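Single-structure report; data block below.
As the structure is a prediction and not an experimental result, all values here were calculated from the model.
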Amino acid sequence: MKSFSSIEWKGSAKNSWEMFKKGCGNIMPTLSKLSKAFLLPIALLPIAGVFLGVGSAIASNSSADSFGYFFGTLLNKMGDVCFGNLPVLFCISVALAYTKDSGIAAITAVVGFLVMNGMQAALLHTQTLSINESNLWVQTGIENGKPVWEHFTAIKDGKIDWSASNIHLENIMAWGIGSSADNLQMVNSKFELIDGAGSVYYTLLWINKIPNGLITSNIGINSLNTGVFAGIFVGAIAAKCYNKYHQTQLPSAISFFSGTKLVPIVTFVAVIPLSFIFMFIWPYIGMGLAAFGQASGKLPGGLDSFIYEVAERSLVPFGLHHVFYAPLWWTNAGGSIAEAFNSATDAQKNAFVEIWNKNHNASALGLTNADFESIRALISRDYTDLWQSMGDQTMAYKVIANTKVLNFTDLEALGLNIGRFQSGKFGFMLLGLPMAGLAMWLNVPKENRKEVMGIYFSAAFTCFLTGITEPIEYTFLFLAPWLFYGVHMPLAAISFLFAGLFKTHVSMTVSGGFIDYIVFGVIPYFGSKAMSAKSAFAILGVSAAMAPAYFFAFYFAVKYGNVMVPGRDGSSNVQLATKADYKASKGLNVDGSKIEDGKTSKASAKDAVEEARIQKATKIIEFLGGEANIVDVDACASRLRLTVKDGSLVDKDGIISLGGATGALIRGTNVQVVYGGEQEAIKPRMIKILDEQRKAKK
């Protein structure tokens with residue numbers, strides 16, 4: 001039998017296969033850019049998280065109206081505003097990513113985002129019900145945990161006649177319309193349809209009873225709560241319009257609107273159908289995501305966290321993991337506070353009230369009855385940002401910002417395990433991967449260990465402190481992929497399993513390093529009691545358990561798998577020298593002049609560094625197949641991301657030989673080179689050199 005690769009393809013089958021391969025190659029650059037686009041707003045979150053956590057800690061430990069309270073609240077709101085406006089930040093970053101950082105595209109994206117949400121606001125209404133003597137009931141109190149209803153008959157000409165009733169408006173807890181108190185539709189004083197917490201239901205086009213949690217304020221406009229998805233789509237449309245029309249020349253009569261002035265006009269029109277698409281389908285998608293979030297949260301023993309990490313870590317080599325976790329972090333697919341309250345069982349309600357009363361001062365929050373309905377009404381009415389928050393990360397940030405009314409332990413009683421798609425990363429970032437680095441280093445021959453120790457220590461400490469893993473991950477990923485998928489990925493998933501099982505609610509930005517742990521674990525625990533000691537410190541126990549697991553797994557895998565990790569091949573020099581190094585060894589500066597007094601002047605040293613970078617960028621262009629083969633040059637947090645015409649012309653080994661790169665990945669026309677930081681210096685020089693080369697050809 002012939003092997004799959006040896007089959008001779010003929011006719012349409014061969015053409016179909018070639019089209020399939022071409023399609024896969026074309027989609028990689030698109031998804032790669034989208035993944036990179038996510039990093040721009042995410043880069044704001046660490047500093048915003050510091051302000052959020054520190055501000056909340058100061059405010060919650062200060063008396064009302066004191067300097068500390070106002071100062072803490074100021075810091076808190078400065079951080080919270082970034083998390084509250086993620087959709088428009090994503091909208092801008094996507095537009096920038098697909099237009100080579102065009103400011104015109106960015107402002108166009110904001111215009112499109114405003115137009116889309118403005119259309120929704122115009123068609124979004126509350127549902128008002130008519131009343132008569134037979135169907136109006138009022139809730140006057142609660143006995144034994146159940147509402148007390150009275151039939152209200154003082155109706156005159158369809159209006160309430162208060163003079164004929166001994167029930168006063170300020171004493172009414174809720175209205176209801178129906179044939180009896182057992183079959184009511186809840187309404188408020190405006191006779192708008194509401195849920196049990198007093199939040200109104202919305203009507204959009206033909207869709208009735210859209211839950212309040214699916215409506216939010218997007219930069220001041222009351223519209224659909226689409227998380228970051230709508231922003232991503234609008235940003236993509238703005239980028240498409242910019243790329244197609246920013247050089248368009250209109251007839252002389254309307255030439256004023258040519259070029260970049262035409263872009264926002266076209267985008268203004270282009271987002272109209274997108275807005276209707278979201279209005280048609282998002283209420284159903286939103287409710288479907290909410291159902292998914294609730295169902296996944298009911299999986300036993302951290303299984304949801306385990307499955308999440310298997311998928312997320314599998315996508316890391318391709319740089320697409322940011323695309324995967326976006327729905328779980330920023331939409332109700334990762335859970336929703338409003339849905340957790342509205343779907344709570346009687347047992348959960350009772351447990352919640354008991355825990356909430358231990359954690360909070362009801363009278364200080366203006367509550368006379370700290371029962372479930374009163375607490376739910378308070379949050380939905382006075383803390384709308386918290387009530388409407390959805391997504392594992394967004395909810396975490398909103399809880400940290402509002403710990404005086406709600407914390408992680410309270411929500412745990414409602415079955416909401418916030419942090420289930422985040423906390424597990426600390427388990428292998430803090431100690432797991434650093435111990436894997438130690439295991440690889442101990443496999444280096446003793447005579448070479450001293451020379452390469454700095455490389456391993458630097459990578460391990462970077463992982464521990466910031467959660468940047470690629471210097472370690474890509475070392476064994478490209479040397480022996482089975483180490484990544486067969487050892488690292490299962491261990492990382494187990495770390496998430498334990499974190500979810502122990503309900504560790506420590507949030508993060510994107511890394512899960514020590515800095516994130518201080519900001520989202522230590523400060524919220526000691527400052528504002530956002531979580532229990534178990535939640536704050538159990539993750540350290542998970543990390544301690546993962547350390548020996550990673551060490552022994554990697555030590556024996558590298559040793560008996562004969563993996564040639566850096567330094568193990570008998571060479572103590574694991575990085576190639578640059579031209580600047582060579583000149584310096586001859587006592588010369590890069591320009592050929594002698595080094596005076598055995599030292600390079602500051603200016604010469606600066607020239608030497610620049611010359612080395614220019615030469616390296618030039619060689620990378622050469623190894624990519626030359627200027628004619630390069631379509632686009634971009635970079636993300638740790639990778640140089642390139643799009644070429646023909647991937648077969650790329651010399652991966654040549655690029656690696658230049659030094660600094662821990663690996664390279666070629667998928668069709670998409671090329672990614674892992675540098676860990678140097679790519680930010682290489683990218684602008686490559687762009688400059690390519691411009692010069694292309695101008696020289698004209």
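- Checked against the 6.0 Å centroid criterion, the rings of Tyr383 and Trp387 do not qualify as a close aromatic pair.
- In the model, Gln422 has no side-chain atom that pairs as donor or acceptor with a side-chain atom of His505 under 3.5 Å.
- With rounding to the nearest 0.5 angstrom, the CG atom of Leu89 is 7.0 Å from the SG atom of Cys82.
- Ser56 places a side-chain N or O within donor-acceptor distance of the main-chain N or O of Ile400, the cut-off being under 3.5 Å.
- Within the 3.5 Å criterion, the main-chain N or O of Ile58 finds a donor-acceptor partner in the side chain of Ser62.
- In the model, Asn361 has a side-chain atom that pairs as donor or acceptor with a side-chain atom of Ser363 under 3.5 Å.
- The shortest non-hydrogen separation linking Leu497 to Gly301 is CD1-O, 3.1 Å.
- Checking side-chain atoms of Thr504 against main-chain N and O of Ala499 turns up a donor-acceptor pair under 3.5 Å.
- Looking at Ser535 and Val506, their side chains never come closer than 4.5 Å, going by heavy atoms from C-beta outward.
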Next on the checklist: I'd like to know whether Thr345 forms a side-chain contact (heavy atoms from CB on, under 4.5 Å) with Gln348, so could you lay out the CA-CA distance, the side-chain angles of the two residues, the decisive distance to 0.1 Å, and finally the verdict.
Outcome noted: CA-CA 5 Å; Thr345 64; Gln348 288 176 328; 3.3 Å; yes
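- Between His125 and Tyr202, the closest side-chain pair of non-hydrogen atoms is not below 4.5 Å.
- Under the 4.5 Å side-chain criterion, counting only non-hydrogen atoms from C-beta, Lys358 is not in contact with Ile355.
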Next on the checklist: Asn218 vs Ser223, test: side chain to side chain donor-acceptor pair (under 3.5 Å). Steps then yes/no.
Outcome noted: CA-CA 7 Å; Asn218 287 299; Ser223 53; 2.9 Å; yes
Item to check | side chain to side chain donor-acceptor pair (under 3.5 Å) between Arg420 and Ser296, intermediate numbers included | outcome: CA-CA 10 Å; Arg420 58 193 173 120; Ser296 64; 3.1 Å; yes
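- When atom types are taken as modelled, the side chain of Tyr308 and the backbone of Ala493 share no donor-acceptor pair closer than 3.5 angstrom.
- A distance of 7.0 Å separates OG in Ser507 from CG in Asp392, rounded to the nearest 0.5 Å.
- A salt bridge links Lys425 with Glu312: at least one charged nitrogen is closer than 4.0 Å to a carboxylate oxygen.
- With Asn417 contributing its side chain and Gly500 its backbone, the two residues share a donor-acceptor pair below 3.5 Å.
- Nearest heavy atoms, Ser380 versus Ala377: OG-O, 3.2 Å.
- In this structure the side chain of Trp329 reaches within 4.5 angstrom of the side chain of Phe421, judged on heavy atoms.
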Next on the checklist: Would Asn332 and Leu214 count as a side-chain contact (heavy atoms from CB on, under 4.5 Å) here? Give the steps.
Outcome noted: CA-CA 9 Å; Asn332 50 0; Leu214 283 178; 3.7 Å; yes
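- Ser543 places no side-chain N or O within donor-acceptor distance of the main-chain N or O of Leu540, the cut-off being under 3.5 Å.
- Phe229 and Trp330 have their aromatic ring centers separated by at least 6.0 angstrom.
- Side-chain atoms of Asn117 do not come within 3.5 Å of backbone N or O of Ile221 as any donor-acceptor pair.
- Shown here for Ala333 and Pro327, the closest heavy-atom pair between the two residues is CB-O, 3.8 Å.
- Ring centers of Phe372 and Phe352: under 6.0 Å apart, within the cut-off.
- Annotation for Tyr485: atom OH counts as buried by contact number, over 12 foreign heavy atoms lying within 6.0 Å.
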Checklist entry - Under the side chain to side chain donor-acceptor pair (under 3.5 Å) criterion, do Ser217 and Asn222 qualify, and how do the steps go? => result CA-CA 4 Å; Ser217 176; Asn222 209 38; 5.7 Å; no
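- Annotation: side chain of Asn350 is not in contact with side chain of Glu354 (no heavy-atom distance under 4.5 Å).
- A donor-acceptor contact shorter than 3.5 Å links the side chain of Thr73 to the backbone of Tyr69.
- Residues Ile207 and Thr203 have side chains not in contact (no heavy-atom distance under 4.5 Å, counting atoms from C-beta outward).
- Checking Asp371 against Ser374 by side-chain atom types alone, a donor-acceptor pair falls below 3.5 Å.
- Here the shortest heavy-atom pairing between Gly427 and Ile539 reads N-CD1, 4.3 Å.
- From Leu430, atom CG reaches atom OH of Tyr517 across 8.5 Å, with rounding to the nearest 0.5 Å.
- Ring pair Phe496/Phe306: centre-to-centre distance not below 6.0 Å.
- Residues Phe426 and Phe514 keep their aromatic ring centres 6.0 Å or farther apart.
- Side-chain atoms of Asn407 do not come within 3.5 Å of backbone N or O of Thr403 as any donor-acceptor pair.
- Checked for salt-bridge contact, Glu473 and Arg313 meet the test: a charged N lies under 4.0 Å from a carboxylate O.
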Checklist entry - Passes side chain to side chain donor-acceptor pair (under 3.5 Å), His360 versus Asp410? Steps please. => result CA-CA 10 Å; His360 306 279; Asp410 303 330; 2.5 Å; yes
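- Rounding to the nearest 0.5 Å gives a distance of 4.5 Å between CD1 of Ile215 and CG of Leu124.
- Considering CZ of Phe408 and CG of Asn359, their distance stands at 12.5 Å, rounded to 0.5 Å.
- Looking at every heavy atom in both residues, Gly297 comes nearest to Asp304 through CA-OD2, 4.0 Å.
- At most 12 heavy atoms of other shown residues, nucleotides or ligands fall within 6.0 angstrom of atom CZ in Phe51.
- Judged by distance alone, the side chain of Ser336 and the main-chain N or O of Met390 form no donor-acceptor pair under 3.5 Å.
- Judged as a side chain to side chain donor-acceptor pair (under 3.5 Å), and not counting sequence neighbours, Thr466 has no contacts.
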Checklist entry - Going through the checks in order, is the side-chain contact (heavy atoms from CB on, under 4.5 Å) test met by Leu52 and Leu75? => result CA-CA 6 Å; Leu52 184 72; Leu75 296 180; over 6 Å; no
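- Remark: Phe278 CZ is packed, more than 12 non-hydrogen atoms of other residues, nucleotides or ligands lying under 6.0 Å away.
- Here Ile375 contributes atom CD1 and Leu406 contributes atom CG; the two are 9.0 Å apart, rounded to the nearest 0.5 Å.
- Side-chain contact between Met546 and Met435: absent, with no pair of heavy atoms (C-beta onward) separated by less than 4.5 Å.
- Side-chain contact between Gln120 and Trp282 is absent, with no heavy-atom pair separated by less than 4.5 Å.
- The aromatic rings of Phe464 and Phe461 sit tilted relative to each other, their planes meeting at an angle between 30° and 60°.
- Aromatic ring orientation, Phe67 versus Phe71: parallel (interplanar angle below 30°, classes split at 30° and 60°).
- The minimum heavy-atom distance linking Pro434 with Cys463 is given by the pair CD-SG, 4.0 Å.
- Within 6.0 Å of CZ on Phe537 lie more than 12 heavy atoms contributed by other residues, nucleotides or ligands.
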Checklist entry - Which is it for Lys398 and Asp385 under the side-chain contact (heavy atoms from CB on, under 4.5 Å) test, yes or no, and what are the steps along the way? => result CA-CA 7 Å; Lys398 291 300 180 182; Asp385 283 350; 4.2 Å; yes
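- Aromatic pair Phe520/Tyr397: ring centres closer than 6.0 Å.
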